[in-house]
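To start, the structure itself, in structure tokens.
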Amino acid sequence: MQRVKIASHGPEFSRLVYGTWRILNNQPTVQEINRRLQFCLELGITTIDTAEIYGTYQVEEQLGAALALSPGLRDKLELVSKAGIYVPCSYHPDRRTAHYNATGPRLIKSLDKSLRLLGTDRLELFLVHRPDWLTRADDTAAGLNELLRSGKIRSAGVSNFSVSQFDLLNAHMDQPLVTNQIEFHLLHTEPIHDGTLSQCEKARILPMAWSPLAGGKLFDAANPAAQRLAQAAASMAARYDGATLEELAYAWILAHPSQPLPVLGTNKEDRLRTAVKACDIQLERQDWYALWEASQGRRIP
């Protein structure tokens with residue numbers, strides 16, 4: 001597994017990131033979560049992505065319990081978490097409606113809770129989960145800057161920010177932001193055209209790509225774009241030792257010059273192996289564009 005520096009002033013991550021958004025879907029035991037983390041480590045996937053809101057605020061606590069089962073495991077991993085989304089739930093009956101809050105004090109409070117639940121004294125990367133339309137950028141930056149100074153986070157970034165939102169927040173940071181975690185896959189190619197990936201390349205930071213398989217929509221036989229992609233993948237599979245659409249979809253993301261880090265969302269070991277296998281695929285230029293055309297249902301301009 002290749003390792004990369006996400007930014008010159010940022011941490012070193014594995015080329016693939018294990019995402020925990022759906023890790024509680026099958027109600028795993030803490031022991032099973034521990035085994036999942038150990039399996040990722042065996043594959044060379046050392047970067048684990050989570051968020052305060054995942055599992056309706058339950059995932060971080062379960063991850064922390066799983067890490068505690070194996071002393072030393074946490075220090076073999078890079079932990080990424082996010083904060084800023086707050087929704088009504090049984091844990092917070094006082095909340096009347098879902099909302100964003102990226103004020104400095106709120107981010108600090110959420111980060112402290114994340115550290116406590118995860119059983120660690122620092123995060124390698126802390127992200128603002130969504131832009132907060134009611135908070136000034138200097139307020140958000142003040143919280144992130146304080147966390148950086150304290151050593152509780154080694155680097156800061158954002159998720160789902162536009163180019164202008166990223167620039168605004170970054171202008172107030174003492175230490176530049178190191179990533180923008182965005183939706184990017186064959187059924188959502190907008191980051192290529194809206195400047196998001198170009199901005200990352202210009203800043204020499206690596207983006208992170210969530211939902212790299214479009215949440216399974218890539219394999220929806222009723223989806224016209226998925227049908228076209230299945231046909232395109234079948235036509236080129238022989239050039240890549242029989243690679244599947246799943247493998248080619250990962251390879252397509254990995255081939256982009258901004259070097260996105262796919263955030264894997266599967267709970268199945270065989271699919272984690274598939275993702276790792278895709279790292280060895282070097283897509284030919286014409287095949288990369290053929291997949292883009294299949295996804296769009298039209299030729300390039």
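Everything numeric here is computed off the predicted structure, so don't read it as measured data. Side-chain atoms are counted along with the backbone in the values below, which use heavy atoms only and exclude waters and symmetry mates.
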Yes or no on side-chain contact (heavy atoms from CB on, under 4.5 Å) for Leu127 and Val80, after CA distance, side-chain angles and deciding distance? CA-CA 8 Å; Leu127 306 178; Val80 181; 4.1 Å; yes

So Asp167 and Gln199, side-chain hydrogen bond (donor to acceptor under 3.5 Å, both in side chains) or not? Walk me through it. CA-CA 9 Å; Asp167 278 341; Gln199 178 183 51; 2.9 Å; yes

Show, in sequence, the C-alpha distance, side-chain angles and deciding distance for Asn267 and Arg36, and conclude whether the side-chain contact (heavy atoms from CB on, under 4.5 Å) test is met. CA-CA 8 Å; Asn267 286 319; Arg36 181 85 47 76; 3.0 Å; yes

Test Trp210 against Asp49 for side-chain hydrogen bond (donor to acceptor under 3.5 Å, both in side chains), laying out the working first. CA-CA 10 Å; Trp210 60 265; Asp49 176 87; over 6 Å; no

Any chance you could lay out the salt bridge (Lys or Arg N to Asp or Glu O under 4.0 Å) test for Asp112 and Arg122, step after step, and finish with the verdict? CA-CA 9 Å; Asp112 284 339; Arg122 85 282 181 192; over 6 Å; no

Steps toward side-chain hydrogen bond (donor to acceptor under 3.5 Å, both in side chains) verdict (Glu201, Ser198): CA-CA 5 Å; Glu201 191 173 352; Ser198 296; 5.6 Å; no

Determine, step by step, whether Arg136 and Asp138 satisfy the salt bridge (Lys or Arg N to Asp or Glu O under 4.0 Å) criterion, reporting the C-alpha distance in whole Å, the side-chain angles of both residues, the deciding distance to 0.1 Å, and the verdict. CA-CA 5 Å; Arg136 287 180 58 88; Asp138 54 2; 3.3 Å; yes

List the steps and the verdict of salt bridge (Lys or Arg N to Asp or Glu O under 4.0 Å) for Arg271 and Glu246. CA-CA 9 Å; Arg271 301 193 76 172; Glu246 185 171 351; 3.1 Å; yes

Mind running side-chain contact (heavy atoms from CB on, under 4.5 Å) on Arg15 and Leu254 for me, showing each step along the way? CA-CA 9 Å; Arg15 191 68 172 86; Leu254 291 165; 3.3 Å; yes

Hey, mind stepping through Val128 and Phe161 against side-chain contact (heavy atoms from CB on, under 4.5 Å) and telling me if it holds? CA-CA 9 Å; Val128 181; Phe161 272 48; 4.0 Å; yes

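Taking 4.5 Å as the limit, some side-chain heavy atom of Leu197 sits within range of a side-chain heavy atom of Ile182. Using a 4.5 Å heavy-atom threshold, the side chains of Met236 and Leu291 count as touching. Residues Val17 and Ile45 have side chains not in contact (no heavy-atom distance under 4.5 Å, counting atoms from C-beta outward). Looking only at side-chain heavy atoms (C-beta outward), Val263 and Trp21 stay at 4.5 Å or farther from each other. The side-chain heavy atoms of Ile85 and Glu52, taken from C-beta on, include no pair separated by under 4.5 Å. Contact annotation: the side chain of Cys279 approaches that of Leu16 to within less than 4.5 Å [non-hydrogen atoms, C-beta and beyond]. The side-chain heavy atoms of Glu183 and Glu190, taken from C-beta on, include no pair separated by under 4.5 Å. Counting heavy atoms from C-beta on, the side chains of Leu125 and Thr47 never come closer than 4.5 Å.
The heavy-atom pair separating Ala51 from Ser81 by the smallest distance is CA-OG, 3.5 Å.
To the nearest 0.5 Å, the span separating CD on Gln296 from CG on Leu229 amounts to 9.0 Å. A distance of 6.5 Å separates OG1 in Thr189 from CH2 in Trp292, rounded to the nearest 0.5 Å. Here the straight-line distance linking atom OG of Ser258 with atom CD1 of Ile205 works out to 10.0 Å at 0.5 Å rounding. Residue Leu177 holds its CG atom at 11.0 Å from CD1 of Ile6, rounded to the nearest 0.5 Å. Taking CG of Asn223 as the reference point, atom CZ of Arg228 lies at 8.0 Å (rounded to 0.5 Å). Atom CG of residue Leu63 and atom CD of residue Gln58 lie 12.0 Å apart, to the nearest 0.5 angstrom.
Although no hydrogens or angles enter the test, the distance criterion places a donor-acceptor pair under 3.5 Å between the side chain of His185 and the main chain of Leu187. A donor-acceptor pair under 3.5 Å is formed between the side chain of Gln227 and the backbone N or O of Ala221. Remark: side-chain polar atoms of Ser70 are not paired, donor with acceptor, to backbone N or O of Leu67 under 3.5 angstrom. No donor-acceptor distance shorter than 3.5 angstrom exists from the side chain of Thr274 to the backbone of Glu247, with no hydrogens or angles considered. Proximity of a side-chain donor or acceptor of Ser159 to a complementary backbone N or O of Gln181 within less than 3.5 Å is detected. Judged by distance alone, with hydrogens and angles left aside, the side-chain atoms of Glu32 form a donor-acceptor pair with the main-chain N or O of Thr29 at under 3.5 Å. The closest donor-acceptor contact from the side chain of His9 to the backbone of Pro176 lies under 3.5 Å. In this structure, the side chain of Asp139 engages the main chain of Gly104 through a donor-acceptor pair within 3.5 Å. When atom types are taken as modelled, the side chain of Asp121 and the backbone of Lys152 share no donor-acceptor pair closer than 3.5 angstrom. Panel note: side chain Asp220, backbone Ala222; a donor-acceptor pair is recorded below 3.5 Å.
Ser114 and Glu60 form a side-chain donor-acceptor contact under 3.5 Å, judged by distance and modelled atom types alone. Counting only N and O atoms by type, the side chains of Tyr54 and Lys82 include a donor and acceptor under 3.5 Å apart. Between the side chains of Tyr240 and Gln282, not a single donor N or O lies within less than 3.5 Å of an accepting N or O. No side-chain donor from either of Ser155 and Gln175 sits under 3.5 Å from a side-chain acceptor of the other. In this model, a donor atom of one side chain and an acceptor atom of the other lie less than 3.5 Å apart for Ser110 and Tyr86.
The one candidate from Met1, Glu12, Glu124, Arg3 that meets the side chain to side chain contact (heavy atoms under 4.5 Å, CB included) condition with Thr46 is Arg3. Across Leu41, Leu77, Ile48, Leu43, a single residue satisfies side chain to side chain contact (heavy atoms under 4.5 Å, CB included) together with Tyr18, and that is Ile48.
Around CZ of Arg239, the count of heavy atoms belonging to other residues, nucleotides or ligands within 6.0 Å exceeds 12. Within 6.0 Å of atom NZ in Lys217, 12 or fewer heavy atoms from other residues, nucleotides or ligands are found, so the atom counts as exposed in its surroundings. In Lys5, the NZ atom is crowded: over 12 heavy atoms of neighbouring residues, nucleotides or ligands sit closer than 6.0 Å. Atom OH of Tyr289 is surrounded by 12 or fewer heavy atoms from other residues, nucleotides or ligands within 6.0 Å.
Checked against the 6.0 Å centroid threshold, Trp252 and Phe184 count as a close aromatic pair.
Residues Leu69 and Leu73 do not share a hydrophobic cluster, defined by chaining ILVMFWY side chains whose heavy atoms lie under 4.5 Å apart. Note on Leu117 and Leu79: separate hydrophobic clusters, where clusters join Ile, Leu, Val, Met, Phe, Trp and Tyr whose side-chain heavy atoms are under 4.5 Å apart, directly or indirectly. The cluster map of Ile, Leu, Val, Met, Phe, Trp and Tyr, joined by side-chain heavy atoms under 4.5 Å apart, puts Phe13 and Ile153 in different clusters. No continuous path of hydrophobic side-chain contacts links Leu169 to Leu134 [ILVMFWY only; heavy atoms under 4.5 Å].
Geometrically, Arg95 engages Tyr57 in a cation-pi contact, judged by NZ or CZ lying under 6.0 Å from the ring centre and within 45° of the ring axis.
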